[in-house]
Amino acid sequence: MKPETNSNHSITLEFDDNQVLPLLYGHHNSNLAHIEKALDVRLDSFGNIIQISGTTDNATMAKHALEAIYKRIMNTKGQTDEAPKGMIDDALRWASSQSEEAINRYAENASVISTWKKTITAKSKTQQDYLDAIAANDLVFGVGPAGTGKTYLAVARAVEALKSGQVERIILSRPAVEAGERLGFLPGDMKEKVDPYLRPLYDAIYDMMPPDKMDRMMASGQIEIAPLAFMRGRTLAQSFVIIDEAQNTTAVQMKMVLTRLGDDSKMVITGDLGQIDLPSGQTSGLADAVSLLDDVKGINITTFTGEDVVRHPIVARILKAYDKRDQSK
């Protein structure tokens, strides 16, 4: 006998505002088709009524997603021609949490990060928890697979803090070379050696402020992007510090960077423990710190999963395949 969660189920939804329905349904019901494909459900629309058919879990998730998108459109009416595919995917990620409170937060668009170029919102419950943790704690670890927004959201919070005057500078750092920081093997001066490894941090900043403003702030020292080796001996006060790719730090490097934090500063450390490039037998500083500092007051550890991947949907499926293979070993 199949478990109840896998039985067929039918849910009827009725919406009050007919003017919102074209935005919700999409051109030729394209949004409904996208949800059908993502959740393996059937959506039959009859005017302002949608009939959902599928397994109990998937039908319920589709219901939550449709209700959240409808409320989100109602809250932003006049600002969009129809719900874009990205909004649909975001709602599906939020609905997968099965938390009514979380879904309502998405519908209300409760948390918005304001930067010079764009506003940024959380795309999953875990992303929202991460943003809340950064607001409430001085030191946050964001741990999980690539594509979950760990670094991008941390940079967004940093830019917002700089824009509002909460901090005086942003410091972004990562191991310059994944397996040992042997910069001498690369051509060029020091900047030319390390820039390729810091490029993702530059890209995130450029996405949030005009290039001329970033160039001025980098020249004045308000924004600093540097390899991890340059952090030794410093005290980072009045700063928003982000350490990226931290899985490739050693335990000694991690202790060094953690003890750089000065007054009125925040530090966010991100990394993917599934992509450690250190020499065999060497302990990852991120893995060491996460196990050691889990219960320390003022420190938060947010763990992302493949469900939080915000890149192409196939990336999440690829990660699940690798995780399944690794677990079977």
Side-chain angles (χ1 to χ4, degrees), residues 4-115 117-129 131-132 149 153 156 307-314 316-317:
E4 181 64 27
T5 54
N6 288 331
S7 62
N8 288 329
H9 192 62
S10 180
I11 300 174
T12 300
L13 277 180
E14 184 173 353
F15 299 102
D16 297 328
D17 193 333
N18 290 333
Q19 293 182 344
V20 173
L21 297 184
L23 311 180
L24 175 64
Y25 292 2
H27 188 58
H28 294 311
N29 286 355
S30 60
N31 290 340
L32 300 186
H34 186 61
I35 294 173
E36 285 182 325
K37 184 177 179 180
L39 296 178
D40 192 22
V41 296
R42 178 172 174 175
L43 303 180
D44 295 307
S45 60
F46 309 95
N48 66 332
I49 294 174
I50 295 180
Q51 188 77 32
I52 307 171
S53 304
T55 63
T56 302
D57 281 352
N58 288 4
T60 301
M61 197 182 305
K63 171 183 178 291
H64 289 324
L66 285 164
E67 289 175 334
I69 298 163
Y70 176 80
K71 291 177 183 177
R72 185 78 170 256
I73 295 172
M74 288 287 289
N75 291 333
T76 58
K77 193 184 292 186
Q79 298 178 24
T80 180
D81 294 331
E82 66 179 61
K85 184 179 176 182
M87 182 187 290
I88 307 299
D89 289 333
D90 292 350
L92 290 171
R93 278 189 293 271
W94 279 86
S96 68
S97 71
Q98 300 292 337
S99 165
E100 187 171 343
E101 179 187 357
I103 296 165
N104 286 336
R105 291 190 72 179
Y106 166 79
E108 294 166 4
N109 198 17
S111 180
V112 178
I113 303 173
S114 176
T115 70
K117 284 180 69 174
K118 59 168 64 174
T119 56
I120 297 162
T121 59
K123 293 179 175 291
S124 71
K125 180 181 181 298
T126 308
Q127 284 197 354
Q128 184 61 62
D129 292 343
L131 292 175
D132 292 344
L153 289 175
E307 299 292 335
D308 300 301
V309 171
V310 294
R311 292 177 182 168
H312 194 289
I314 200 171
R317 296 195 289 272

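In this structure, the separation between CG on Leu13 and NE2 on His64 is 10.0 Å, given to the nearest 0.5 Å. For the atom pair CG (Asp44) and CD1 (Ile49), the distance works out to 12.0 Å, reported to the nearest 0.5 Å. Taking CG from Leu39 and NE2 from His34, the interatomic distance works out to 9.0 Å, rounded to the nearest 0.5 Å. Atom OG of Ser45 is separated from atom CG of Asn29 by 4.5 Å, given to the nearest 0.5 angstrom. Note that the CG atom of Leu131 and the CD1 atom of Ile113 stand 4.5 Å from one another [nearest 0.5 Å]. Expressed to the nearest 0.5 Å, how far CZ of Phe15 lies from CD1 of Ile50 amounts to 4.5 Å.
A pairwise comparison of heavy atoms in His9 and Thr55 identifies CB-C, 4.1 Å as the closest pair. Here the closest non-hydrogen pair linking Leu21 and Gly47 is CD1-O, 3.6 Å. Summarising the geometry of Val20 relative to Met74, their closest heavy-atom pair is CG2-SD, 3.3 Å, with the distance given to 0.1 Å. Residues Ile35 and Val41 approach most closely at O-CG2, 4.1 Å, considering heavy atoms. Smallest separation of non-hydrogen atoms from Thr121 and Arg72: OG1-NH2, 3.7 Å. Contact record, Gln51 with Thr12: OE1-OG1, 2.9 Å, taken as the closest heavy-atom pair.
With Leu24 as reference, Ile73 is the one residue of Asn48, Asn31, Ile73 to meet the side chain to side chain contact (heavy atoms under 4.5 Å, CB included) rule.
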As a quick check of understanding, evaluate side chain to side chain contact (heavy atoms under 4.5 Å, CB included) for Leu32 and Leu66, giving each step before the final call. CA-CA 9 Å; Leu32 300 186; Leu66 285 164; 3.9 Å; yes
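Side-chain contact between Thr60 and Ile52: absent, with no pair of heavy atoms (C-beta onward) separated by less than 4.5 Å.
Checked for salt-bridge contact, Glu67 and Lys71 miss the test: no charged N lies under 4.0 Å from a carboxylate O.
At distances below 3.5 Å, at least one donor-acceptor pair connects side-chain atoms of Tyr70 with backbone N or O atoms of Asp17.
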